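Let me begin by presenting the structure, written as C-alpha cells, before commenting on it.
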Amino acid sequence: MAITPPQNRLWWKEPLSGVEITWIGVAFIWGLVMFGTMVSWHFVGKQNLSNETYRIDPNAFGEKVEAMTERYQVREEGDTGVPVVRPPPGSDIYMLSRLWEWWPVLELEKDQTYRLHLSSMDWQHGFSLQPQNINVQVHPGYDMVLTITPDKSGEYAVVCNEFCGIGHHTMVGKIHVVDKK
Amino acid sequence: MAVDTQAPSRGFIGASYRTCPETGLKVCSQAEALIKVNAVVAVVFLAVGGLFGLMVALTRWPAVHLLPADWFYLLLTAHGADVLLFWIVFFEVAVLYFASAIILNCRLAAPKFAWLAFVLMVVGAVLANIAVLQGESSVMFTSYVPMQAAPHFYLGLIVFAVGTLIAVFCFFGTLVIAKEEGSYEGSVPLVTFGAITAAIIAVFTLASGAIILIPTFLWSVGYISHIDPLMYKIIWWGMGHSSQQINVSAQVAIWYAVAAMLLGAKPLSEKVSRMAFLMYILFLQLASAHHLLVEPGVSSEWKIFNTSYALYLAVLGSMIHGMSIPGAMEAAQRRNGFNNGMFEWLRKAPWSNPAFSGTVLSIVIFGFLGGITGVIMGTEQLNLIMHNTLYVPGHFHATVVGGTTLAFMAITYLLVPLIFRREIVFKKIAQWQPYVFGAGIAGISLFMMGAGTLGVARRHWDIGFADAAMSFDYPATAFLMMGLNGIAAICAALGGLMFVLVVVASVFFGKQRTAESIAAFPTLPKTGSAETVTSYGSESHVKLPGTIVLVSVFFVAFVLYYYVNWKYLSEVWPLS
C-alpha cells in the first residue's frame with residue numbers, strides 16, 4: 001500500500017503497465033503540442049505581447065504624456081474634464097496610470113497601428129481593456145510598449161485590475177476607436 | 001541541520017509511545033500531540049478565513065454588496081493570508097509529522113524544536129492578522145511593492161516562515177532517525193515520499209520568501225529606500241506559487257493515503273508515481289513564471305521556457321497521478337470483488353464515508369476545474385485575456401480549496417479516530433459535508449471563471465463603477481455570474497461550517513474510541529487488506545477499463561477547452 005514501504009524492494013525494476021506508459025506518452029505529446037502552439041502563435045497569430053520595455057523615471061514618462069496631450073488634445077471628457085487626445089496613426093501614444101486614473105483619454109482610428117506606451121506614476125496598476133478583455137500589468141519605472149491595431153470601432157474602457165488602494169474601483173479610463181473621417 | 005535537529009532529540013530516545021489498536025503502529029506521543037495542536041490551529045484559521053471569504057463573496061454579489069470598500073479590501077487580505085497560508089501550512093505541518101513519525105513508526109526528531117516551530121508559527125500568524133485587522137496593511141496577499149504594509153505585517157510572515165522552516169527540518173530529522181533506527185524496511189512508503197517532495201519544495205519556497213520579505217520588511221521600516229517592483233514580483237512568486245506546489249504534493253500524498261487506507265489501493269507502479277512526484281521538485285518552481293506573462297521587462301523566450309517545458313513536465317506529473325490514483329482505486333476495488341461492468345467499482349465505493357467522497361471530489365475538482373484552467377492561464381498569449389480577471393481566483397479556488405482543502409478535510413475524518421481517538425459525532429452531517437462543500441467550491445470556481453471570461457476584474461469592490469469619474473458597464477451576464485458566485489459561496493461556507501462543527505464536536509465531545517467501537521466500526525476497513533493483492537508493479541491481472549474512460553474524458557475536455565480559449569484570443573485587437 002501507499003502507506004507502507006513497497007513490498008518489492010527493487011520497485012524501480014518493475015515493468016511499467018501498458019495503460020500507464022500509454023497515458024504518459026499521450027500526456028507528454030500533448031505537452032509538446034501545447035508548446036508548439038504557443039511558439040507558432042508568435043509566427044501565425046496576431047495577438048502577441050512585444051518584448052519592448054524601457055526603464056524610465058516616472059517623471060520623465062509623465063513629461064512625455066503631457067507633451068503628447070498638449071499637442072493633440074481635441075476635447076475634454078468625463079466629470080473631471082480629462083483631455084481627449086487624438087494622435088496621428090502610426091505614432092507613439094502614451095497612457096499613464098496613477099492613483100486613481102488612467103490619463104489621458106485616447107481617440108484612435110480603426111485599423112491603424114499605434115505604439116502604445118504604458119507606465120505608472122506610483123504603484124502597480126492593471127491595464128484591463130474592456131470589453132475586449134486585454135489585460136497587461138503596468139509597473140512604475142518600466143515603459144512597456146504595445147503595438148496595437150484596434151480593429152473594431154467603439155468606446156472601450158480601461159479598468160484597473162491590479163489592486164491599488166482604497167480608490168482602486170474608481171479607476172476607469174477610456175479609449176475611443178473611431179472610423180476614419 | 002541534521003546535527004541541530006538530532007542533538008537535542010537524544011534525550012527523547014526513551015520517548016513514550018502507544019500502540020495503535022487499529023494499525024499496530026507505534027505512535028510517538030510527542031508526534032501525536034504536535035499533530036493535534038497543528039491541526040486544531042489550522043482548523044481555527046480555516047474557520048476565521050472562511051468566514052472572511054464568505055463576506056468577500058457577499059460583497060462581490062452586486063445585489064448584496066455587504067461590506068464597505070475599506071473593509072472589503074481589509075478582509076480580502078486577511079482571507080488570503082488566513083486560508084491560503086495559515087490554514088494550509090499548519091495542516092501541512094501536521095501532515096509532515098504524520099507522514100514521518102507515524103507512518104514510519106518512529107519517534108519525532110527534536111520535539112522541543114517542533115514545539116518552538118509551532119509557537120513561532122502561531123506568533124507570526126497572529127501578528128500578521130493583527131497588522132491586517134488594524135487596517136494599515138490592506139495590501140492583498142501578494143503585497144506588491146511599492147504599495148506598503150505596516151512593518152509587523154511583513155515581520156509576522158517572516159516569523160511564521162521561520163517557524164515553518166524549523167518544522168520542516170524536524171520532519172527531515174525524523175526521516176534520518178527512522179532510517180538509522182531501522183523503523184521500516186526498504187524504501188519509504190509512497191505517501192512519505194510525497195511528503196518529502198512537499199518538504200523539499202517548502203525549503204525552496206521559504207528561502208524565496210525570506211529573500212524577498214526580509215528586504216521588504218527593512219524597506220517598510222526605512223532602512224532600504226527602493227525595491228524594484230518587477231524583481232519583487234519574480235522572487236515573491238518563487239514563494240507564492242511554489243507554496244502551491246507544497247499543497248499539491250501534500251494533497252496528492254493524501255489522495256494516495258486515503259485510497260490505501262480505505263480501499264487497500266496501492267500504486268499501479270511505484271516507479272511511475274515516484275517519478276511524478278520528482279517532476280514536481282524539478283520543474284514546478286520554474287513554472288512560477290506564469291505569474292509574469294503580461295509584465296513588462298521579461299522576454300517571450302523566458303516566459304515560454306519557464307511556462308512550457310518546466311510547466312508541462314510538472315503538469316505531466318499531475319496527469320500521471322490523475323490516472324494512477326483512480327487506476328489504483330479501480331484495481332483495488334476489482335480485487336475486492338466489484339468486478340462487474342465498467343463502473344461497478346466506482347458505484348460501490350464507500351461514498352458515504354466522507355474521507356472517501358472528499359478525496360474523490362478533491363481529485364475531480366482539482367483536475368477538471370483547477371488543472372485544465374491552470375495550464376490554459378499559464379500559456380503565454382492566453383494569459384492576456386485572463387490576467388488579473390476573476391478567472392484567476394476561479395482557477396485557484398478549484399486547486400487550493402476544491403483540491404487541497406477538501407483533501408485535508410477528507411483525511412481529517414481519519415485523523416480524528418486514529419490520532420485524537422474520538423468517534424466522529426454527527427455522522428450524517430459528516431457524510432454530507434464533502435458534497436455540500438464540494439458543490440459550493442465547484443460553483444464558486446465556475447462562476448468566477450465565467451465572470452473572468454467576461455472581463456470582470458479580481459479584487460474589485462464595485463464592478464458597477466458608481467464612484468468612478470467615467471462609466472463602464474460589464475455585460476449583464478457578468479452580474480448574474482457574481483450573484484451565482486455569492487450563492488455558491490454560501491453553500492461552500494455551509495460545508496465549511498459543517499466541517500468545523502463535526503471536527504470540533506468530535507475532538508472535544510466525541511466518545512473515546514474503545515476496543516469494542518474499533519471492532520464494530522473500524523476506521524480502516526478490512527476489505528482492502530494487503531493479502532488480497534498478489535503482485536506488485538503491474539496491474540496485468542486487472543484491467544482498468546473504467547479508469548481509461550475517465551482519463552479519456554478528462555483529456556478530451558482539456559484539449560477542447562484549450563483551443564476554445566485560443567479562439568477567444570484570436571478575436572481581440574491585434575497587438576505585437
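Because the structure is predicted, anything quoted here is derived from the model rather than measured. Protein chains get the first letters and strands the later ones, always in sequence-line order, with residue 1 at the start of each.
For residues 132-149 of chain A, a heavy-atom distance under 4.5 Å to chain B picks out Gln132(A), Asn133(A), Ile134(A), Asn135(A), Val136(A), Gln137(A), His139(A), Pro140(A), Tyr142(A), Met144(A), Leu146(A), Thr147(A), Ile148(A), Thr149(A), given by residue number.
A donor-acceptor contact closer than 3.5 angstrom links the side chains of Trp11(A) and Ser187(B). Counting only N and O atoms by type, the side chains of Ser300(B) and Asn51(A) include a donor and acceptor under 3.5 Å apart. With 3.5 Å as the limit, one finds no donor-acceptor pair spanning the side chains of Thr4(A) and Tyr184(B).
Looking at every heavy atom in both residues, Lys152(A) comes nearest to Glu571(B) through NZ-O, 2.9 Å. Residues Ile3(A) and Ile103(B) share a closest heavy-atom pair of O-CG2, 3.4 Å. Closest non-hydrogen pair, Pro6(A) versus Val188(B), comes out as CD-O, 3.8 Å. Closest approach of Glu14(A) and Lys271(B) over heavy atoms only: O-NZ, 2.9 Å. Residues Gly297(B) and Thr53(A) approach most closely at N-OG1, 2.9 Å, considering heavy atoms. Considering all non-hydrogen atoms of both residues, Gln47(A) and Leu569(B) come closest at CD-O, 3.3 Å.
Around the CG atom of Asp473(B), the shell of radius 6.0 Å holds no more than 12 heavy atoms that belong to other residues, nucleotides or ligands.
Of all the listed residues (Leu129(A), Val177(A), Ile21(A), Leu118(A)), the one sharing the greatest number of non-hydrogen pairs under 4.5 Å with chain B is Leu129(A). Across Glu52(A), Arg55(A), Gln124(A), Arg9(A), the residue that shares the most heavy-atom pairs under 4.5 angstrom with chain B is Gln124(A).
Heavy atoms of Arg115(A) lying under 4.5 Å from chain B are absent altogether. Contacts of Ser120(A) with chain B are absent, with no heavy-atom separation under 4.5 Å from either backbone or side chain. Contact annotation for Tyr474(B): only side-chain heavy atoms (C-beta onward) come within less than 4.5 Å of a heavy atom of chain A. With a 4.5 Å cut-off on non-hydrogen atoms, Tyr156(A) touches chain B through its side chain but not through its backbone. In this structure, the portion of Leu454(B) lying under 4.5 Å from any heavy atom of chain A is its backbone and not its side chain. For Tyr563(B), the part lying under 4.5 angstrom from a heavy atom of chain A is the side chain only. Interface residue Tyr562(B): only side-chain heavy atoms are found under 4.5 Å from chain A.
Using a distance-only test at 3.5 Å, with no hydrogens or angles considered, a donor-acceptor pair links the side chain of Trp23(A) to the main chain of Met319(B). The main-chain N or O of Met38(A) is never found under 3.5 Å from a side-chain atom of Glu380(B) such that the two would form a donor-acceptor pair. Under the 3.5 Å distance criterion, the side-chain polar atoms of Glu20(A) are left unmatched by any main-chain donor or acceptor of Ser324(B). Side chain of His387(B) to backbone of Gly126(A): no donor-acceptor contact under 3.5 angstrom is found. Using modelled atom types, no side-chain atom of Lys46(A) and backbone atom of Pro574(B) make a donor-acceptor pair closer than 3.5 Å.
Atoms CD and CZ, from Glu162(A) and Arg459(B) in turn, are 6.0 Å apart once rounded to the nearest 0.5 Å. With values rounded to the nearest 0.5 angstrom, Asn388(B) atom CG is found 8.5 Å from Cys160(A) atom SG.
Between Trp30(A) and Tyr312(B), the distance separating the two ring centers is not shorter than 6.0 angstrom. Checked against the 6.0 Å centroid criterion, the rings of Tyr73(B) and Phe163(A) qualify as a close aromatic pair.
Contact annotation: the side chain of Cys164(A) never approaches that of Tyr144(B) to less than 4.5 Å [non-hydrogen atoms, C-beta and beyond].
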**OP:** Go through Ile24(A) and Met323(B) one step at a time and tell me if the side-chain contact (heavy atoms from CB on, under 4.5 Å) criterion holds.
**Re:** CA-CA 9 Å; Ile24(A) 293 169; Met323(B) 188 256 153; over 6 Å; no
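Evaluated for a ring pair (Phe, Tyr, Trp, His ring centres under 6.0 Å) with His169(A), the options Trp461(B), Phe472(B), Phe465(B) yield exactly one hit, Trp461(B).
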